[in-house]
Each structure stands twice: as structure tokens, then as C-alpha cells.
Amino acid sequence: MNKQISKKNLFVCLVISLALIVAGAFVCGFLGFNADSTMSGHSVVQVSDVSFGTRDDATVRAVTDFYTEQLEGKGFAVSDVKYVDELSTGIGSYEFYVTGEEPSDAVLEELRNAIDGANISGVDSSTITVSYHVTENKPYTEYIWRASIAAAVAVVILFAYVAIRFRFGMGIAAFIAGIHDVLLTLAVVALVRIPSGTYLIGAAVIALLLSAALNMFLFGRMRADLRTDEMKEMPAREAVALSAQGSRKGILTFAVCAAAVFAVLAVAGIFVGLDLTFLMVGALISVAVSVYSALLFTPAVYAGIKSTGDAMAAKRKARSGYQGKAGGKDAQSAPQEAAADAE
């Protein structure tokens, strides 16, 4: 029997996972997730324009470049720029995230007046207003419980789908693996202190999707293998181990491709926005967790479920066979006993 599917291996996996989850929960309970500070405490200089012309891409870039230059000329460091085009109101809003002292009213007035001499095509300076506010991170406790409810519903749906499409025991294993993978991913994110914002939900979603994809691939191969005459004669753990071993190449190939995509997006995030980088780092953690789960944890869990189910089925078969034999013996002896009584 493959040692990786043994009871000892399952125990080791459970100990490792439980230790990491408990440690992550401890860190999260005392320190919380490491809040993304890239936008926390920044002053947001908001330039609003009610002109419909601001929706032109060239005009948006011209206004963005102009105000970025103006702000940097006044000693502010612009860390990010966002443009929001509200179709319902026709207002274009440019948000410049700056570090340094909060801009005074005089500075804001200078910024507003500067657009008069800019002569940017499609921009009417009379419709421009400039204001600012300070950003604050939304506490993760305000959204984490919603994510937990959504994850619980998704895991139940995953269980029902796998149980119906494959086998009931596989559905149970997928349910356990889904919860395990999401919790372990969040625990590692908390432990390594990756800056986390609302996109922490994204990391949990990616972990659940990867868990579902890899485990369904595993169970699809396993369902076909367990129907063969060769594996029907094998003990449950040996059959599961052999099938899981045949699934490794596909699981690793999928994982490498997913990790490559996430790594590229993480690098791109350095240039387009660090929130994307942090999300992709969390996604890379979820890839590692899902592979560990699909190669070691899930097969060991299902092997235990199948072994128990096969043992119970064997007992029921033996019991029904014994009762059938007993019933046949009674039926044969009944006439003889009746004849003896008559004599």
C-alpha cells in the first residue's frame, strides 16, 4: 500500500494543517490580517468634472498627466490615480492618492485655477472642482463574515455536485477538502503577513475554486479506475493510492500553469497596482495548498471513507448471506420436525 495514503499519513497531514490553522487563527485573533497600508492615511485629491468630454480616453490621460505634474510640483508624491466615470450623472472623477501633508484650501484653489491655462481639449475649466479627503482601510471584520457565509454555501454546493456526479463518499471528501483548503490558505496569509484588503476574499475564492477543480479532476480519474476489474479486487486504500498516483501528472501540470499565470499577474501588479500583486501572492499560496491537498490530504481522507464504507458493505453482505442460509435450513427442517411431531 502506498504510504502516502496510509492512516499515518492522514494523521500527519491533519496535524500539520491543524497546527497552521490554529497558528493563523491565533495571529489573526491578536494582530488581525496585515491591513493593506498602500492607501491608508493617504490624502485623495479629487478632481471632478461634469463635462461629458472627460470620457474621452485621450482627455482623461491629458487631465491625469496635468494634475499629476501639478501635484508633484507642489511637493506631493502621487502613489496612484483612479478615474471613475459615472454614466448616470455624467460626472468624471479623478482621484489622486498623494502622500505628504494634507493639501490646504489655498493649494486646492491653485490646482483648480491651474486648469484655466492648461487648454486641454474637451475640458471646460468652469466645470472643474477640486476637493480632498483622507482614505481609511475598511476593517476586515466588516466583510470577512460575508465571505464566510458565501464560502459555506459554495462548499455545500460543491459537496452536492460531487456526491451526485461521482460518489457520496467523494462528495464528503470534497467538502472536507474545500473547508481545509480555504482555512489553510487564509491561515498562511495571516502568518506571512501579506498586506490584505477586501481582495482577501478573492484569495479565498481562488483557493476554493482550485480545490474544486483539482479534486474533481482527481475524483474523475478515480471513479473510472475504481470501476475496473483489477481495482475492484484490491483493498480500498491500495486502489485509491494507485489511482491518485496516476492523477499526479495532471494535477501538477494544472498547478504549474495556474502558478505561472498568477506570478505574471503579480509582477504586473507592481506597475498597475499593488493590490493586484498582493491578491496574486495569496493566489500562489492557494495553489500550493490545493496541490498539497489534492496529492496528499484528499486521497488519504477518501481512502479512509472508502475503507469504512467497504467494511460496512462487507458486513451487511455477510449478515444477509448468513440470514439466507439460516432461513434455508429452517425451511428444509420444518417438514421433518412436523412429521416427527405427528408420529
Side-chain angles (χ1 to χ4, degrees), residues 32-144 146 193-202 265-280:
F33 287 102
N34 185 19
D36 179 8
S37 60
T38 57
M39 297 300 170
S40 179
H42 283 47
S43 296
V44 179
V45 177
Q46 184 169 336
V47 179
S48 299
D49 192 341
V50 298
S51 171
F52 283 85
T54 58
R55 293 178 187 151
D56 179 77
D57 290 340
T59 305
V60 170
R61 285 195 301 271
V63 174
T64 299
D65 293 342
F66 173 77
Y67 274 107
T68 298
E69 182 180 348
Q70 290 292 316
L71 287 165
E72 290 177 346
K74 295 183 181 300
F76 297 99
V78 179
S79 61
D80 194 17
V81 181
K82 295 182 180 180
Y83 176 74
V84 180
D85 194 355
E86 299 181 9
L87 298 177
S88 60
T89 61
I91 299 176
S93 178
Y94 308 80
E95 294 186 342
F96 298 84
Y97 291 78
V98 301
T99 56
E101 296 182 0
E102 295 180 0
S104 63
D105 292 340
V107 170
L108 295 177
E109 185 63 22
E110 291 177 10
L111 291 171
R112 204 219 68 78
N113 293 334
I115 199 70
D116 291 334
N119 295 322
I120 299 176
S121 176
V123 175
D124 183 358
S125 60
S126 64
T127 63
I128 293 287
T129 59
V130 181
S131 60
Y132 82 93
H133 60 273
V134 177
T135 63
E136 294 181 357
N137 285 315
K138 186 176 181 180
Y140 68 89
T141 52
E142 293 187 15
Y143 57 82
I144 199 67
R146 293 185 179 91
R193 310 307 292 158
I194 296 174
S196 305
T198 54
Y199 46 86
L200 181 67
I201 299 174
L265 291 175
V267 174
I270 297 175
F271 303 98
V272 302
L274 287 177
D275 51 350
L276 176 60
T277 298
F278 297 147
L279 171 59
M280 290 300 104

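Only a predicted model underlies this, so the values are computations on that prediction, with no experimental measurement involved.
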Any residue meeting side-chain contact (heavy atoms from CB on, under 4.5 Å) with Glu69, in chain and number order, not counting sequence neighbours: none
Which atom of Ile270 lies closest to which atom of Thr277, heavy atoms considered: N-OG1, 3.1 Å
Partner residues of Glu110 under the side-chain hydrogen bond (donor to acceptor under 3.5 Å, both in side chains) criterion, sequence neighbours left out: Lys74
